[in-house]
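Taking it in order: structure first as structure tokens, then the write-up.
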Amino acid sequence: MGSSRGNNLWQKCKVNGMPITVGVGNIISEEGYSLLMSPASAESIWKALLGHGAIPMGSNAWETSRILQGRPAPGKELTDEFNVLEANLWNAVSLNKGCYKGQETISRLATYDGIKQRLWGICVSSPVEPGSTISVDGKKVGKVTSFTTGKQAFQPLGLGYIKRKDASEGDTVVIGDDVEGTVVEVPFLARQIPPS
């Protein structure tokens with residue numbers, strides 16, 4: 001690969017004569033690649049990749065991978081109800097760069113430890129519905145935002161926001177009325193680095 005931007009490497013190349021930028025890593029994992037191209041060339045490049053043996057991933061498989069990795073998604077973990085630091089997206093913001101929309105709010109939250117809840121993975125004993133309450137000792141402490149049965153039957157995992165003072169990694173929680181779960185760190189969120 002050619003150039004470097006931070007820890008990610010990228011290279012410009014051509015597929016069937018059409019320019020494309022290939023970057024190491026993608027939005028749910030450090031493994032794999034991201035492809036940047038014009039919308040006009042996307043169909044041709046898609047067909048070329050399939051012709052070389054690439055296996056397409058459908059939306060259900062993508063959603064399963066996203067949840068297992070712990071990648072927040074718009075409309076699920078990323079809504080007006082939660083802020084970027086509650087989503088644990090520390091790598092997506094700068095506390096030093098000035099003058100961007102929401103910068104003062106983000107800076108204040110970080111400076112005064114105003115982050116009241118955090119996004120976690122929750123290994124569950126049986127399926128749960130997004131929107132279900134998360135409780136500890138009968139007290140509501142959060143809610144489930146996404147769920148997948150996983151790639152194998154023993155992998156059911158939810159994502160959910162949990163109040164920081166009530167539960168963290170390794171703690172047991174109850175989803176809804178009776179589904180037991182364990183709070184776990186998920187790979188994507190584990191790579192986010194809060195300022196020291």
Side-chain angles (χ1 to χ4, degrees), residues 7 25-32 57 59-95 102 105-196:
N7 292 333
N26 61 56
I27 67 169
I28 60 171
S29 173
E30 291 178 333
E31 299 173 0
M57 176 185 262
S59 60
N60 289 342
W62 174 260
E63 182 70 354
T64 295
S65 293
R66 175 192 79 76
I67 295 169
L68 292 175
Q69 285 292 313
R71 176 64 157 101
K76 297 187 179 188
E77 291 77 30
L78 303 175
T79 68
D80 291 341
E81 193 175 346
F82 312 108
N83 69 58
V84 68
L85 298 184
E86 291 173 333
N88 205 43
L89 295 177
W90 290 96
N91 295 355
V93 297
S94 171
L95 299 177
T105 301
I106 296 298
S107 182
R108 205 170 23 253
L109 285 170
T111 301
Y112 299 107
D113 196 24
I115 304 159
K116 299 196 180 342
Q117 57 190 346
R118 181 186 182 259
L119 183 62
W120 288 99
I122 307 161
C123 288
V124 291
S125 56
S126 61
V128 297
E129 289 292 322
S132 298
T133 61
I134 301 170
S135 302
V136 172
D137 296 328
K139 175 185 170 192
K140 180 183 174 186
V141 298
K143 82 173 188 176
V144 175
T145 54
S146 293
F147 172 77
T148 182
T149 55
K151 295 175 184 172
Q152 299 156 350
F154 61 85
Q155 284 184 306
L157 182 81
L159 295 178
Y161 285 91
I162 301 173
K163 291 180 182 173
R164 286 178 55 200
K165 62 183 173 133
D166 293 310
S168 61
E169 187 174 14
D171 290 342
T172 299
V173 296
V174 174
I175 313 294
D177 292 329
D178 59 358
V179 176
E180 192 170 290
T182 303
V183 178
V184 297
E185 187 65 87
V186 281
F188 179 83
L189 297 176
R191 291 190 300 270
Q192 303 294 310
I193 303 167
S196 45

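Every heavy atom of this structure was used, including side-chain atoms; hydrogens, water molecules and symmetry mates were not. Positions are given from 1, in the same order as the sequence printed here.
Remark: Leu189 CG to Arg71 CZ distance equals 9.0 Å, nearest 0.5 Å. Taking CG from Leu157 and OG1 from Thr149, the interatomic distance works out to 10.5 Å, rounded to the nearest 0.5 Å. Here Asn88 contributes atom CG and Ile115 contributes atom CD1; the two are 8.0 Å apart, rounded to the nearest 0.5 Å. Taken to the nearest 0.5 Å, the CD1 atom of Ile162 stands 8.5 Å off from the CG atom of Leu119. Remark: Asn83 CG to Leu89 CG distance equals 9.5 Å, nearest 0.5 Å. To the nearest 0.5 Å, the span separating CH2 on Trp120 from CG on Leu159 amounts to 12.5 Å.
Nearest heavy-atom pair, Leu68 versus Pro187, reported as atom, atom and distance to 0.1 Å: O-CD, 3.6 Å. Listed here is the closest heavy atom pair of Val184 and Cys123: CG1-SG, 3.8 Å. Gly181 approaches Ile122 most closely through the heavy-atom pair CA-CG2, 4.0 Å. Pairing each heavy atom of Val136 with each of Ala167, the nearest pair is CG2-CB, 4.2 Å.
Judged as a side chain to side chain donor-acceptor pair (under 3.5 Å), the pairs with a partner in residues 174-190 (not counting sequence neighbours) are, in order, Arg118-Glu185. The list of ring pair (Phe, Tyr, Trp, His ring centres under 6.0 Å) pairs with a residue in residues 163-191, not counting sequence neighbours, is empty. Listed by first then second residue, pairs satisfying side chain to side chain donor-acceptor pair (under 3.5 Å) with a partner in residues 131-146 read Arg66-Ser146, Glu77-Thr145, Glu77-Ser146, Glu81-Lys143, Lys139-Asp166, not counting sequence neighbours.
Side-chain atoms of Thr111 come within 3.5 Å of backbone atoms of Ser107 as a donor-acceptor pair (strictly under, hydrogens ignored).
Partners of Arg191 according to the side-chain hydrogen bond (donor to acceptor under 3.5 Å, both in side chains) rule, which considers only residues two or more places apart in sequence or in another chain, do not exist here. In this structure Asp80 satisfies the salt bridge (Lys or Arg N to Asp or Glu O under 4.0 Å) test with no other residue, sequence neighbours excluded. For the side-chain contact (heavy atoms from CB on, under 4.5 Å) test, residues two or more places apart in sequence or in another chain that qualify with Gln117 are Phe82, Glu86, Tyr161. Taking Glu169 as the reference, nothing meets the salt bridge (Lys or Arg N to Asp or Glu O under 4.0 Å) condition, with sequence neighbours excluded. For Ser126, the side-chain contact (heavy atoms from CB on, under 4.5 Å) test picks out Val179, with sequence neighbours left out.
Between Asp113 and Arg108 there is no salt bridge, since no side-chain N of the basic residue sits under 4.0 Å from a carboxylate O of the acidic one.
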Could you go through the side-chain contact (heavy atoms from CB on, under 4.5 Å) check for Val84 and Ile106 one step at a time? CA-CA 8 Å; Val84 68; Ile106 296 298; 3.3 Å; yes

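At a threshold of 4.5 Å between non-hydrogen side-chain atoms, the residues Trp90 and Ile193 do not count as touching.
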